[in-house]
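What follows is one structure encoded as structure tokens, with my remarks underneath.
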Amino acid sequence: MMKKAISRFLVTCIAVTAVAATASSCGRNEYKAPPPPKVTVSKPVQKTITDYLEFTGNASAINTVKLRARVEGYLEKVFFQDGDHVKKDQPLFLIQQNTYEAKLKAAEAQILANKAELEHAQTEYDRYADLAKKAAASQTDVDKWHYQRDAAAASVISAEANRDLARLNLDYTTVNAPFDGRIDRRLKDPGNLVGSGEETVLAEINQIDPIYVYFTINERDLLGVRSEHKSSEDAAFKDRKVPVSIGLTNEDGYPHEGVLDFAAITVDPTTGTLLLRGIFENPKSEILPGLFARVKVPMSADKAAILVPEAAIGYDQLGPYVYVLGDKNMVERRGVKLGTQQGAMHVVKEGLTGQESVIVDGIMHAIPGREVTPVEAQTGSAGESK
């Protein structure tokens with residue numbers, strides 16, 4: 001019995017060992033390489049664009065005048081409310097007039113007196129001239145009245161000039177608006193003596209329709225614009241007025257349209273910039289002098305361009321680059337020269353032909369020289385529609 005039990009135990013152990021060995025050989029792990037990472041690719045967008053340059057500018061009134069008292073006297077009346085919109089030749093201030101009215105009357109009276117003297121001298125000259133012909137008067141008397149006549153004539157001219165000056169001074173007692181615009185607060189109140197030994201500023205008036213916006217372009221962009229316009233195909237662009245668009249801080253885009261009307265003749269050597277100016281219609285006075293504005297100016301005429309999404313562009317010590325698919329879906333680094341930004345897209349001046357498959361998503365998984373699994377981007381997902 002003992003031997004039979006031992007025999008059964010040995011058979012059981014051998015069977016268990018065989019089963020365990022078989023299970024071990026069936027469950028052995030074997031290494032399999034992971035599939036290439038998936039990346040999204042798309043062709044560069046090819047379309048006609050206009051390159052723009054963007055700046056920060058400052059609004060300025062097209063005309064600014066400080067209204068001064070040109071004659072001495074007490075300020076009697078103010079004909080506007082502070083901040084009013086005023087029209088050209090509209091009366092704004094009145095300086096006391098009685099003194100200048102009296103001076104004008106005195107000047108006119110002096111003219112009458114001098115004309116009477118002239119008439120008397122002319123009569124006496126004619127009389128003595130006739131007597132001298134009859135040897136009844138001396139030539140000395142004739143010369144005397146000739147002198148008196150000419151002196152009286154000169155006095156009349158002088159008196160008329162004094163009358164004109166008196167009339168001007170009387171006109172200066174009313175200060176009128178030199179143009180349509182908006183007037184600032186008054187700086188002198190009625191009852192104050194103005195124009196006494198000094199140029200008294202009464203108020204300031206601005207013309208802000210249209211309005212100027214000044215901005216500067218740096219030397220690099222300036223040379224780029226000049227080189228763009230050297231080609232004959234841009235002749236029409238140079239002959240027409242250059243459009244300029246601006247947007248205020250609280251506005252989206254560039255809703256205000258104008259034209260470039262001035263460029264300085266020299267580059268500022270201290271800043272390396274050239275001063276430019278645009279002019280814009282401002283009928284509702286939405287743009288006030290001193291406001292900052294975003295400025296957009298076309299750099300060239302419409303032209304064909306290659307664009308890729310901004311997200312597809314990388315930067316390293318060698319400059320900007322994109323990843324493209326090579327043979328067998330291998331990743332290649334392609335250095336590019338960038339142009340201006342067009343929304344979510346960026347112009348590529350050099351480095352792409354437009355036929356490449358550019359990696360636009362999953363760039364972190366793309367390694368130059370490694371294989372990837374490309375997935376075509378859906379229409380509009382590559383940034384063209386943004």
Side-chain angles (χ1 to χ4, degrees), residues 58-118 152-214 261-262 277 279-291:
N58 219 213
S60 177
I62 192 171
N63 285 312
T64 299
V65 171
K66 290 183 177 180
L67 301 173
R68 302 177 187 272
R70 302 178 69 175
V71 292
E72 179 181 349
Y74 287 95
L75 185 62
E76 291 186 346
K77 294 181 180 179
V78 177
F79 300 109
F80 66 91
Q81 296 294 325
D82 293 350
D84 272 356
H85 290 273
V86 297
K87 296 293 184 180
K88 183 178 180 180
D89 297 328
Q90 175 181 331
L92 302 175
F93 296 94
L94 179 66
I95 300 171
Q96 69 174 108
Q97 294 183 321
N98 52 5
T99 302
Y100 298 99
E101 290 172 343
K103 288 182 178 180
L104 177 58
K105 290 180 179 179
E108 290 174 340
Q110 187 62 44
I111 292 175
L112 295 176
N114 289 339
K115 284 183 176 180
E117 290 179 3
L118 174 60
S155 296
V156 171
I157 296 174
S158 176
E160 289 176 342
N162 288 332
R163 177 202 59 192
D164 293 341
L165 288 175
R167 183 175 292 135
L168 277 176
N169 286 334
L170 179 59
D171 290 341
Y172 290 156
T173 59
T174 302
V175 181
N176 299 324
F179 44 72
D180 293 353
R182 189 178 183 190
I183 193 166
D184 202 356
R185 66 183 182 89
R186 66 177 184 267
L187 301 179
K188 293 293 182 180
D189 295 323
N192 282 286
L193 180 65
V194 297
S196 178
E198 62 177 2
E199 293 185 349
T200 307
V201 178
L202 302 175
E204 183 174 285
I205 181 172
N206 288 336
Q207 183 179 359
I208 58 175
D209 182 26
I211 194 167
Y212 288 141
V213 172
Y214 287 91
D261 81 321
F262 167 78
R277 183 181 71 195
I279 186 169
F280 302 84
E281 296 296 327
N282 191 30
K284 297 181 180 179
S285 302
E286 296 174 328
I287 308 172
L288 297 178
L291 286 178

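Keep in mind that the numbers below use all heavy atoms, side chains included, and drop hydrogens, waters and symmetry copies.
One N or O on the side chain of Arg182 and one on the backbone of Gly83 form a donor-acceptor pair closer than 3.5 Å. Under the 3.5 Å distance criterion, the side-chain polar atoms of Thr200 are left unmatched by any main-chain donor or acceptor of Val194.
The two residues Ile287 and Ala59 come nearest to each other via the heavy atoms CG2-CB, 3.8 Å. Across all their heavy atoms, Glu101 and Leu170 have their closest contact at CG-CD1, 3.6 Å. Across all their heavy atoms, Ala69 and Gly195 have their closest contact at CB-N, 4.0 Å. Residues Ser155 and Asn114 come closest through the heavy atom pair O-ND2, 3.0 Å. Closest non-hydrogen pair, Ser60 versus Ile211, comes out as O-CG1, 3.1 Å. Closest of all the heavy-atom pairs between Ala107 and Arg163 is CB-CA, 3.5 Å.
Side chains of Asp180 and Asp209 form no contact here, defined as non-hydrogen atoms less than 4.5 Å apart. At a threshold of 4.5 Å between non-hydrogen side-chain atoms, the residues Phe79 and Leu94 count as touching. Residues Phe93 and Glu76 fail the side-chain proximity criterion, which asks for heavy atoms closer than 4.5 Å. For the pair Ile62/Ile208, no side-chain contact is recorded, criterion being any heavy-atom separation below 4.5 Å from C-beta on. A 4.5 Å side-chain heavy-atom check between Leu104 and Tyr100 finds every atom pair outside the cut-off. In this structure, the side chains of Val213 and Asn58 stay at 4.5 Å or more apart for every pair of heavy atoms. Under the 4.5 Å side-chain criterion, counting only non-hydrogen atoms from C-beta, Glu204 is not in contact with Leu67. A 4.5 Å side-chain heavy-atom check between His85 and Ser285 finds at least one atom pair inside the cut-off.
Between Asn282 and Glu286, the side chains place no donor N or O within less than 3.5 Å of an acceptor N or O (distance only, hydrogens not considered).
Taking CD of Glu117 as the reference point, atom CG of Leu112 lies at 11.5 Å (rounded to 0.5 Å). Remark: Glu160 CD to Lys115 NZ distance equals 5.5 Å, nearest 0.5 Å. Here the NZ atom belonging to Lys88 is positioned 9.5 Å from the CD atom belonging to Gln207, to the nearest 0.5 angstrom. A distance of 11.0 Å separates OG1 in Thr173 from CG in Leu75, rounded to the nearest 0.5 Å. To the nearest 0.5 Å, the span separating CG on Asn176 from CD on Gln90 amounts to 9.0 Å. A distance of 11.0 Å separates CG in Leu187 from CG in Asn192, rounded to the nearest 0.5 Å.
Ring pair Phe262/Tyr212: centre-to-centre distance not below 6.0 Å.
Residues satisfying the salt bridge (charged side-chain N to carboxylate O under 4.0 Å, His left out) test with Asp184, not counting sequence neighbours, are none. Remark: Arg70 engages no residue in a salt bridge (charged side-chain N to carboxylate O under 4.0 Å, His left out) (not counting sequence neighbours). By the salt bridge (charged side-chain N to carboxylate O under 4.0 Å, His left out) test, Asp171 is found to be paired with no residue, residues two or more places apart in sequence or in another chain being considered.
Evaluated for a side chain to side chain contact (heavy atoms under 4.5 Å, CB included) with Leu92, the options Thr174, Val86, Asp84 yield exactly one hit, Val86.
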Worked verdict on Arg68 versus Glu199 for salt bridge (Lys or Arg N to Asp or Glu O under 4.0 Å)
CA-CA 6 Å; Arg68 302 177 187 272; Glu199 293 185 349; 3.7 Å; yes
So Arg186 and Gln81, side chain to side chain contact (heavy atoms under 4.5 Å, CB included) or not? Walk me through it.
CA-CA 8 Å; Arg186 66 177 184 267; Gln81 296 294 325; 5.9 Å; no
List the steps and the verdict of side chain to side chain contact (heavy atoms under 4.5 Å, CB included) for Ile95 and Tyr172.
CA-CA 8 Å; Ile95 300 171; Tyr172 290 156; over 6 Å; no
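Applying the 6.0 Å contact sphere to OH of Tyr74 captures no more than 12 heavy atoms from other residues, nucleotides or ligands.
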